[in-house]
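In what follows, a structure is listed as structure tokens, so that the remarks can point back to it.
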Amino acid sequence: MAQEKLLLIDGSSLAFRAFYAMYTQMDRFTNKDGVHTNAVMTFNSMLDNVMAEFKPQHVLVAFDKSGGTFRTKMFDAYKGQREKAPSEFLEQLPYINRLLEDHGIKHYALQDYEADDIIGTLAKQAEARGWHTDIITGDRDLTQLATDQVTVQVTRKGVGELEAFTPAHIQETLGLAPKQIIDLKGLMGDASDNYPGVTKVGEKTALKLLHQFGSIANLYQNLDTLKASKMKENLINDRDKAEMSRTLATIDQAAPIEIGLDDLAYTGPDLEKLRALYTELDMRQALKKLPGSETTAPKAALHYVVLTDANLALLPQTNLPVAFEIEMLDDNYHVSPEIGFFIGTKDETFVATDVTLLTLKPLQTWLAAHELTVFDAKRNLVAANRLNLTLPKIGFDVLLASYLLNPDQNSNDFGQIAEDHDYQLPLDADVYGKGAKRQVPDDETLFNHFAEKAQCLLALRPHLLKDLEAQDQTKLFSEMELPLAMVLARMEIAGIVLDQPTLKAMGDQWTATMHVLEEKIYGEAGLKFNLNSPKQLGEVLFEKLNLPVIKKTKTGYSTSVDVLEQLKSASPVVQDILDYRTVAKLQSTYVAGLLKAVLPDGKIHTRYLQTLTATGRLSSVDPNMQNIPARDEGKQVRQAFVPSQPGWQIFSSDYSQIELRVLAHISGDKNMQEAFKEDRDIHANTAMRIFDLDSPDQVTPDMRRQAKATNFGIVYGISDFGLAKNIGITRQQAKAFIAGYFAQYPQVHDYMEKMVQTARENGYVETLFHRRRYLNDIHSRNFNLRQFAERTAMNTPIQGSAADIIKVAMIRMQQMLEREHLQSRMLLQVHDELIFEGPADEMPKLAALVPKVMDSAVSLDVPLKVESHFGNTWFDAK
DNA sequence: GAAATCACG
DNA sequence: ACGTACGTGATTTCG
């Protein structure tokens with residue numbers, strides 16, 4: 001007989017996670033009585049998943065009992081920092097209990113004990129009987145229970161995935177045996193359960209000590225063998241804390257539970273009761289899944305042919321578009337495994353897992369002769385490049401088209417996009433799984449999915465083309481976004497070299513500064529605390545040091561820069577905190593973060609997301625190369641971005657004031673256009689106008705600063721409150737500023753009103769190149785949402801048209817580089833700036849060429865201005 | 001997962 | 001009376 005299986009679920013931890021997994025959309029999920037159901041729903045689907053996956057004969061869901069536990073009796077502050085659970089959560093707990101009962105699953109809680117202890121006790125009993133146990137929890141502390149017979153499954157990324165902690169897995173990841181997790185927690189403490197551990201000992205130090213000594217007990221027995229150090233002192237001083245924390249972290253495996261293994265048999269659900277509960281809670285998805293509800297018939301498997309090197313001749317010659325994709329398992333196509341490809345014609349889909357077939361001559365020739373329809377051109381171009389091949393004839397991209405039709409539909413999952421256009425296609429997540437469980441399915445499943453995708457691509461193409469035409473976006477698609485995908489692919493493939501030693505050296509300096517500041521701050525504050533925790537920092541500043549509270553956040557005191565700037569004079573510690581924040585950011589994001597992103601070729605290959613933003617801008621991820629520090633000491637980071645070859649340099653050109661120039665053009669404002677036509681300093685010009693001055697000499701730096709902020713505010717869709725806050729004036733003054741501004745630039749005012757009006761009438765606004773953004777909230781009864789939509793209506797045509805312009809410039813620039821046979825390459829785009837590398841002797845050519853291409857990308861009623869620089873590093877190209 | 005913070009245009 | 005600048009991504013803490 002097969003081994004008996006027991007499933008123990010940490011109900012408290014999972015319910016909490018289930019609640020927060022859909023926290024933002026919580027209010028979308030309520031029943032007709034206003035009871036929230038997000039936690040119940042998520043908990044329920046989680047339950048379905050684990051029951052299906054583990055198929056246990058015995059199940060128990062353990063909960064914490066409210067009120068204290070034996071641990072609180074030992075240590076008052078245990079879990080003391082926790083805020084009370086929100087009422088939207090508490091109201092769902094009774095339903096979760098009912099849900100379990102109706103599922104035929106036992107649940108249990110015990111006075112003075114936590115769910116952990118119930119689970120630990122039962123797991124031990126099950127082991128004695130020779131059963132296998134799986135424990136489902138969101139809490140890593142439970143991994144201490146892992147044995148050969150007990151696997152601890154910890155939820156990841158909310159609740160969607162499980163990570164299986166076996167003793168071997170724990171050994172692999174931490175180098176510890178499960179029981180040593182207890183010593184680990186003893187040494188490092190636990191912030192969320194609010195027990196201390198040893199001062200200054202975090203996970204790293206604790207692991208080192210445990211690898212050396214094995215346990216806390218043995219560590220203290222052999223403390224003499226440690227060299228004198230601050231850490232040793234801390235260990236001596238905090239011995240009590242360590243031992244107490246160890247006790248607190250220990251799960252009681254002999255809790256006096258009144259329930260036994262024999263009570264846990266899973267008998268299956270009571271479908272009628274479940275149906276009643278789902279109905280009461282208005283859980284339609286769950287209702288649909290109940291047996292006996294209407295089911296959708298499984299679709300017939302599609303036909304496909306598996307390609308081999310021997311049957312490539314089967315590919316038919318056709319003038320019709322064909323579907324193509326190189327499939328990869330992960331988002332990051334620079335490094336993801338390539339798991340197969342497909343070629344679909346209207347009559348047949350050809351599939352294979354062996355992507356090296358693509359390098360064979362007959363297939364290359366075939367691909368070069370047929371127009372391809374893909375989902376995500378850039379992704380396929382990079383994948384192809386990894387196989388040393390080009391895809392010269394990509395004619396249609398379903399992802400790009402879908403994004404242009406509505407940039408809110410920016411999912412990267414073909415299944416999702418298909419659904420948006422009323423086509424049936426399984427989500428990639430359903431075929432491949434998510435996160436740790438993501439894997440290549442068996443060939444039949446994979447190939448069938450390929451066939452579905454191929455046929456879906458071919459089916460969607462004519463509809464999307466028609467829709468693009470109807471929205472006047474055909475050119476935007478075929479002359480801008482699709483060609484741009486090719487250009488971006490080349491930039492991403494080129495990558496930029498990171499000078500790692502240089503960056504490491506900077507990082508070491510910043511780390512040293514960080515440590516000095518840390519100690520100084522602890523001295524000034526009179527205590528040690530976690531500087532990276534806004535919560536703890538807030539307590540120190542506003543409770544211990546009694547500094548005035550300037551601003552609050554949802555959860556407590558705000559400690560952001562603008563607040564700290566105002567508190568600088570109140571205490572010397574504030575400046576140190578600001579300095580600490582600066583270097584900590586540089587170290588973690590720009591030194592450690594960038595070093596992590598370097599691929600084996602020594603380069604950083606970012607990915608531009610071409611179908612993400614609502615305005616038409618690009619974004620950049622893994623890593624983000626569009627927010628590398630440009631000011632103050634952080635800009636040194638740019639010294640680490642260097643050319644890929646000796647004798648080469650970095651070249652950069654950027655548009656000057658492109659958004660205000662776009663505004664001057666589309667608003668038709670004569671005064672603003674005049675300023676640009678005469679190449680005046682636009683901010684000084686604005687200052688002269690709103691402060692009613694006669695000559696530029698009368699503009700003080702402060703006036704210019706305020707005028708500049710007002711110009712920005714206008715672009716963002718101004719409000720008096722926002723402007724007042726930004727430049728530190730009263731709301732009245734801001735109001736007067738804005739009135740003055742509109743008096744001086746009257747057509748700008750007209751433009752703002754016109755855009756809001758357009759949005760109301762059409763439901764969307766457009767850029768110069770017909771990029772569209774829908775603004776459903778423009779008619780909202782909710783004041784905030786409506787105001788936001790109005791500001792968006794004013795801003796999107798400006799930001800989006802500027803994005804259009806640089807996209808045109810990039811496409812033309814790539815053509816020019818080829819036409820002029822330059823070795824120089826385009827590497828990066830940062831919204832209004834293009835960065836290249838090339839041989840030093842090509843720099844003068846770039847200096848002539850790039851600005852010319854950029855400023856002639858479009859013809860506006862005002863000139864576009866471009867500034868260029870070059871040097872040995874990105875830093876020097878400024 | 002959410003929130004807070006801070007980097008860029 | 002409402003509560004606000006537009007568009008992004010990465011890191012850290014916390015429940």
Side-chain angles (χ1 to χ4, degrees), chain A residues 12-13 16-24 79 81-86 89 138-139 155-160 190-194 530-538 553-564 581-582 584-590 592-594 596-597 606 609 612-632 634-635 637 654-655 658-659 709-710 712-727 731 734 782-784 786-788 790-792 794-796 798-800 802-803 806 829-833:
Chain A
S12 297
S13 138
F16 215 72
R17 267 160 208 268
F19 176 68
Y20 280 111
M22 295 209 292
Y23 189 79
T24 48
K79 294 200 173 176
Q81 296 283 66
R82 294 222 176 150
E83 284 173 30
K84 204 166 156 5
F89 173 66
D139 184 351
T155 57
R156 299 209 310 187
K157 298 205 175 152
V159 293
D190 187 313
S192 75
D193 287 349
N194 199 37
N530 187 345
L531 259 173
N532 292 321
S533 163
K535 185 163 174 275
Q536 295 184 30
L537 178 63
T553 66
K554 271 184 228 168
T555 54
Y557 310 109
S558 170
T559 66
S560 58
V561 253
D562 51 326
V563 171
L564 295 188
R581 284 248 176 100
T582 305
K585 174 85 178 184
L586 291 174
Q587 171 57 35
S588 67
T589 304
Y590 297 107
L594 286 174
K596 257 189 287 179
T606 186
L609 303 187
L612 182 135
T613 70
T615 54
R617 275 190 176 185
L618 301 175
S619 90
S620 156
V621 293
D622 290 342
N624 183 353
M625 286 300 293
Q626 292 180 319
N627 72 346
I628 303 301
R631 297 180 269 269
D632 304 323
K635 72 178 174 209
V637 168
D654 64 287
Y655 284 112
I658 186 164
E659 291 191 348
T710 310
F712 275 104
I714 291 289
V715 170
Y716 295 154
I718 200 145
S719 75
D720 51 8
F721 187 95
L723 181 64
K725 191 167 70 123
N726 195 283
I727 55 177
R731 212 169 141 172
N782 180 319
F783 179 86
N784 277 327
R786 192 174 63 247
Q787 285 265 294
F788 184 43
E790 288 172 4
R791 289 198 297 273
T792 310
M794 304 181 221
N795 171 263
T796 293
I798 303 172
Q799 190 184 113
I806 196 167
Q829 187 250 45
V830 192
H831 308 306
D832 63 357
E833 177 185 10

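The chains referred to below are lettered A, B, ... by the order of the sequence lines, with proteins before strands, and numbering in each begins at 1.
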Closest non-hydrogen atom pair, [X] against [Y]:
{"X": "A/Phe721", "Y": "A/Arg731", "value": "CD1-NH1, 3.8 Å"}
{"X": "A/Ala709", "Y": "A/Ile727", "value": "CB-CG2, 3.1 Å"}
{"X": "A/Met794", "Y": "A/Gly717", "value": "SD-CA, 3.9 Å"}
{"X": "A/Ser13", "Y": "A/Gly138", "value": "OG-N, 2.8 Å"}

Would you indicate what [X] reaches in the nucleic acid, counting non-hydrogen atoms under 4.0 angstrom: base, sugar-phosphate, or nothing?
{"X": "A/Thr553", "result": "sugar-phosphate"}
{"X": "A/Ser558", "result": "sugar-phosphate"}
{"X": "A/Ser13", "result": "nothing"}
{"X": "A/Val621", "result": "sugar-phosphate"}
{"X": "A/Gly713", "result": "base"}
{"X": "A/Leu609", "result": "sugar-phosphate"}
{"X": "A/Asn627", "result": "base"}
{"X": "A/Ile628", "result": "sugar-phosphate"}
{"X": "A/Ala724", "result": "nothing"}
{"X": "A/Asn782", "result": "nothing"}
{"X": "A/Asn726", "result": "base"}
{"X": "A/Ala803", "result": "nothing"}
{"X": "A/Ile798", "result": "nothing"}

Set of salt bridge (Lys or Arg N to Asp or Glu O under 4.0 Å) partners for A/Asp622, sequence neighbours left out: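 Salt bridge (Lys or Arg N to Asp or Glu O under 4.0 Å) check on A/Asp622 returns A/Arg607.
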Salt bridge (Lys or Arg N to Asp or Glu O under 4.0 Å) partners for A/Glu790, two or more places apart: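 A/Glu790: salt bridge (Lys or Arg N to Asp or Glu O under 4.0 Å) contacts with A/Arg760.
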Keeping the roles fixed (side chain from [X], backbone from [Y]), state whether a donor-acceptor pair exists under 3.5 Å.
{"X": "A/Thr796", "Y": "A/Thr615", "value": "no"}
{"X": "A/Gln626", "Y": "A/Gln829", "value": "yes"}
{"X": "A/Ser620", "Y": "A/Met625", "value": "yes"}

Quick one: the side chain of [X] and the base of [N], do they pair up donor-acceptor inside 3.5 Å?
{"X": "A/Gln626", "N": "B/dC8", "value": "no"}
{"X": "A/Arg731", "N": "C/dT4", "value": "yes"}
{"X": "A/Lys535", "N": "C/dC14", "value": "no"}
{"X": "A/Ser719", "N": "C/dT4", "value": "yes"}

For [N] and [M], measure between their [atom1] atoms and round to the nearest Å.
{"N": "C/dT4", "M": "B/dT5", "atom1": "P", "value": "15 Å"}
{"N": "C/dA5", "M": "B/dC6", "atom1": "P", "value": "16 Å"}
{"N": "C/dC2", "M": "B/dA7", "atom1": "P", "value": "33 Å"}

[N] [atom2] sits how many Å from [X] [atom1], rounded?
{"X": "A/Gln536", "N": "B/dT5", "atom1": "CD", "atom2": "C1'", "result": "16 Å"}
{"X": "A/Leu537", "N": "B/dA3", "atom1": "CG", "atom2": "C1'", "result": "15 Å"}
{"X": "A/Tyr716", "N": "C/dC6", "atom1": "OH", "atom2": "C1'", "result": "6 Å"}
{"X": "A/Phe712", "N": "B/dC8", "atom1": "CZ", "atom2": "P", "result": "13 Å"}
{"X": "A/Tyr655", "N": "B/dC8", "atom1": "OH", "atom2": "P", "result": "22 Å"}

Paired and unpaired positions of DNA chain C as dot-bracket, Watson-Crick or G-U wobble under 3.5 Å, | denoting a partner strand: .....|||||||||.
Could you work out which one of [options] sits closest to the side chain of [X]?
{"X": "A/Ala630", "options": "C/dG9, B/dG9, C/dT11", "answer": "B/dG9"}
{"X": "A/Arg791", "options": "C/dA5, B/dA4, C/dG9", "answer": "C/dA5"}
{"X": "A/Val561", "options": "B/dC6, C/dT4, B/dG9", "answer": "B/dC6"}
{"X": "A/Tyr590", "options": "B/dT5, B/dA7, C/dC6", "answer": "B/dA7"}
{"X": "A/Pro534", "options": "C/dC14, C/dG3, B/dT5", "answer": "B/dT5"}

Sub-4.5 Å side-chain heavy-atom contact between A/Tyr716 and A/Leu723: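 SC-SC contact between A/Tyr716 and A/Leu723 ruled out.
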Side-chain N,O (A/Ser533) to OP1/OP2 (C/dC14) below 4.0 Å: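 True: A/Ser533 side-chain N/O within range (under 4.0 Å) of C/dC14 OP1/OP2.
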Closest-nucleotide 5' rank along DNA chain C - winner of A/Asp720 and A/Thr796: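 The residue whose closest nucleotide sits nearer the 5' end is A/Asp720.
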